[in-house]
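Just below is one structure, and these are the notes that go with it.
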There are 2 protein chains.
Amino acid sequence: MELKKLEPVGTESLVDKVESRLLKYFKDNELVPGDAIPKEIDLANSLGVSRTVVREALLRLRTLGLVESKKRRGMIFKQPDIINNFARVLDPTLLGEDTMKQLFELRLILEMGMADFLFENRQQKDLEELERIVAEEEATATQKIRFSLDKEIAFHGKLYQMSNNVTLQKFQDLLLPVFNYVYLKETKTNPDVYHYSEGEFVSHGMLLDVLKKGTPESFRNAMRRHLEPHFDHAFRNGSR
Amino acid sequence: MELKKLEPVGTESLVDKVESRLLKYFKDNELVPGDAIPKEIDLANSLGVSRTVVREALLRLRTLGLVESKKRRGMIFKQPDIINNFARVLDPTLLGEDTMKQLFELRLILEMGMADFLFENRQQKDLEELERIVAEEEATATQKIRFSLDKEIAFHGKLYQMSNNVTLQKFQDLLLPVFNYVYLKETKTNPDVYHYSEGEFVSHGMLLDVLKKGTPESFRNAMRRHLEPHFDHAFRNGSR
DNA sequence: CTTAGCATTATGTCATACATATAATATGAG
DNA sequence: CTCATATTATATGTATGACATAATGCTAAG
């Protein structure tokens with residue numbers, strides 16, 4: 001006799017099931033942001049579980065940013081804000097060293113890769129703002145050898161903004177603490193000023209110049225040199 | 001008489017507060033993955049709230065991947081898996097068009113930006129595997145003008161893998177559905193074969209060749225041409 | 001020493017009651 | 001009649017207590 005294959009026993013909890021059902025409900029009904037969701041009691045009744053379970057499932061979805069709850073008004077469907085989920089866990093004191101390192105590498109990748117979008121979207125006022133940032137930086141640069149971290153952030157942050165990609169931009173905002181952390185660690189373990197290969201140093205001012213008059217290709221090359229110390233650091237510590 | 005500034009009323013819910021307290025607890029005690037967390041009842045007692053509230057707070061942290069719960073064993077601290085949080089919400093049917101578009105742009109940025117890491121980490125066996133993928137692709141390419149989607153995924157996926165950045169790699173895995181979705185939409189709204197500028201078409205085989213013998217710089221240029229249709233599409237539809 | 005069974009325990013689920021905030025409606029002043 | 005204010009209804013937020021369930025560790029039988 002033919003035995004049926006033993007189906008894996010459903011090990012998922014009630015809350016798990018309810019969560020999937022809710023997600024399916026959202027998709028099937030093609031909810032748009034702002035649409036109301038049945039109230040907890042009704043859901044509990046139709047699903048045949050306690051309100052507790054429904055609540056926990058909804059709470060998960062809320063944590064993921066898929067629903068929003070207001071007293072008396074009930075719950076409404078929301079477009080999940082991908083990025084927001086990271087915010088709470090993206091804490092250098094919570095993340096492992098390796099994850100931090102990889103996120104830092106990700107930043108290098110992003111800045112190298114966004115050249116084309118910068119050239120596509122650059123506006124006169126953006127370039128002017130970069131100009132201001134560079135000017136301020138150079139005015140205060142005499143006392144310190146290493147550029148100050150906040151000017152560094154201002155310049156690169158502006159670049160992300162110019163990419164015109166809100167998701168990317170939020171992502172970068174979120175990653176800032178990681179950068180700071182790795183950056184500080186980097187300067188601490190390696191306190192001596194980095195020595196660029198002769199004649200290869202690229203400042204923010206020079207980057208801006210390329211952004212004005214150059215091409216995506218030349219900008220990438222300039223950016224690569226600008227980021228050289230960080231790349232070297234990433235490579236030196238081995239890529240796992 | 002000097003009036004004290006009106007302190008902003010704490011609008012956060014009990015669960016919010018408990019969540020922050022727990023996070024603070026984790027950081028202060030420098031928990032490492034695997035460390036046990038006090039049980040719900042104890043937490044409820046020490047914090048002076050009901051078990052319900054503690055549970056909801058813990059549930060949020062669990063949703064974020066910061067803690068894991070096992071029956072009888074209690075809760076343990078976990079290294080948050082950044083990426084995993086995305087998985088549930090990163091569904092083309094749930095995300096808005098604009099977010100999708102931005103994620104697709106993000107892919108272009110990533111592939112343009114990771115050249116240096118590819119050259120730093122490339123291994124003979126990786127190159128051989130790429131070789132195999134390209135060979136298979138060319139063997140089946142005669143019947144179709146457009147390359148098949150799965151070979152496309154295989155090749156580019158392998159590149160991500162070669163970056164040796166697990167976070168990046170998981171990220172790409174997660175974004176795959178988005179790519180598929182946008183890709184299909186792209187070919188549907190614009191069914192005619194894309195016309196590369198004369199003599200500029202770069203195939204996977206050519207990319208591989210550059211990866212073997214070229215430099216990060218030349219690879220970026222080759223990749224830029226390879227991705228040209230996608231870039232054009234991104235630019236054509238305006239960057240918001 | 002191994003194994004089967006049992007007791008223990010922390011999370012998972014349920015039921016119920018009450019608190020709280022707010023949308024909707026009713027009320028009153030002008 | 002219009003606008004501001006008070007009332008009420010309602011859905012979420014919190015509390016409490018009970019029981020279910022599964023995994024752990026102990027115990028006793030083999």
Side-chain angles (χ1 to χ4, degrees), chain A residues 6-23 25-26 29 31 33-78 80 88, chain B residues 6-23 25-26 29 31 33-78 80 88:
Chain A
L6 271 181
E7 236 173 60
V9 56
T11 176
E12 54 182 359
S13 77
L14 264 182
V15 178
D16 289 330
K17 289 184 203 159
V18 172
E19 186 196 344
S20 333
R21 291 289 287 274
L22 286 175
L23 279 175
Y25 173 85
F26 295 161
N29 295 48
L31 294 194
D35 283 356
I37 294 167
K39 47 196 199 191
E40 296 175 351
I41 291 277
D42 293 346
L43 286 174
N45 289 337
S46 12
L47 292 169
V49 295
S50 75
R51 193 183 149 210
T52 311
V53 170
V54 172
R55 252 187 93 69
E56 296 212 347
L58 282 170
L59 182 57
R60 298 225 286 234
L61 299 182
R62 221 177 336 161
T63 306
L64 295 173
L66 263 151
V67 304
E68 199 172 27
S69 65
K70 279 214 162 75
K71 286 194 177 179
R72 155 80 204 223
R73 184 159 176 179
M75 306 247 192
I76 59 174
F77 177 75
K78 241 182 62 178
R88 263 171 297 189
Chain B
L6 272 182
E7 235 173 62
V9 57
T11 176
E12 54 182 0
S13 76
L14 265 181
V15 179
D16 289 331
K17 289 184 202 160
V18 172
E19 186 195 344
S20 328
R21 292 289 286 273
L22 286 175
L23 279 175
Y25 173 86
F26 295 162
N29 295 49
L31 293 195
D35 283 357
I37 294 166
K39 43 195 206 195
E40 295 175 351
I41 292 277
D42 293 346
L43 286 173
N45 289 337
S46 357
L47 292 169
V49 295
S50 75
R51 194 184 149 211
T52 311
V53 169
V54 172
R55 251 188 94 69
E56 295 212 348
L58 282 169
L59 182 58
R60 297 224 288 234
L61 299 182
R62 221 178 334 162
T63 307
L64 295 173
L66 262 144
V67 304
E68 199 172 26
S69 65
K70 280 214 161 75
K71 285 195 177 178
R72 154 82 202 219
R73 185 157 176 184
M75 306 248 195
I76 59 174
F77 177 75
K78 241 182 63 179
R88 264 172 295 188

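Reminder, nothing fancy here: chain letters follow the sequence lines and each chain counts from 1. Being a predicted model, the structure only gives us computed values, none of them experimental.
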Q.
Using every non-hydrogen atom in the two residues, find where B:Leu61 and B:Phe26 come nearest and quote the distance to one decimal.
A.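 That would be CD1-CE1, 3.8 Å.
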For [X] and [N], give me the distance from atom [atom1] to atom [atom2], rounded to whole Å.
X	N	atom1	atom2	value
A:Asn45	C:dA15	CG	P	10 Å
A:Arg55	C:dG12	CZ	P	16 Å
B:Glu19	D:dG13	CD	P	14 Å
B:Glu12	C:dA21	CD	P	14 Å
A:Leu47	C:dC14	CG	P	11 Å
B:Lys39	C:dT8	NZ	C1'	11 Å
A:Met75	C:dT22	CE	P	15 Å
A:Leu59	C:dG12	CG	P	13 Å

Side-chain donor-acceptor distances from residues 62-69 of chain B under 3.5 Å, at least two apart:
| residue | atom | partner | partner atom | Å |
| --- | --- | --- | --- | --- |
| B:Arg62 | NH1 | B:Ser69 | OG | 3.1 |
| B:Thr63 | OG1 | B:Leu59 | O | 2.8 |

Q | Gap between atom CE of A:Met75 and atom CZ of A:Arg55 - 0.5 Å precision | A | 6.0 Å
Q: Please tell me if the side chains of B:Leu43 and B:Val18 come closer than 4.5 Å, counting only heavy atoms from C-beta onward.
A: no
(Q) Contact between A:Arg21 and A:Val54 at the side-chain level, heavy atoms closer than 4.5 Å - yes or no? (A)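 Sidechains of A:Val54 and A:Arg21: no contact.
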Q | salt bridge (charged side-chain N to carboxylate O under 4.0 Å, His left out) partners of B:Arg72, counting only residues at least two apart | A |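 In terms of salt bridge (charged side-chain N to carboxylate O under 4.0 Å, His left out), with neighbours along the sequence ignored, B:Arg72 is linked to no residue.
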Q) Can you give one letter per nucleotide of nucleotides 18-26 of chain D, 5' to 3': B if a protein heavy atom sits under 4.0 Å from the base, S if only from the sugar-phosphate, - if neither? A) B--BSBB--
Q. Between the main-chain N or O of B:Asp42 and the side-chain N or O of B:Asn45, is there a donor-acceptor pair closer than 3.5 Å?
A. no
Q: Look at the side-chain N and O atoms of B:Ser69 and state whether any lies under 4.0 Å from the OP1 or OP2 oxygen of C:dA10.
A: no
Q) Of the nucleotides C:dT13, C:dT11, D:dA15, which one has an atom closest to the side chain of B:Val49? A)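 Of C:dT13, C:dT11, D:dA15, D:dA15 is nearest to the side chain of B:Val49.
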Q.
Tell me if the side-chain of B:Thr52 makes a donor-acceptor pair with the base of D:dA15, cut-off 3.5 Å, by modelled atom types.
A.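 Pair found.
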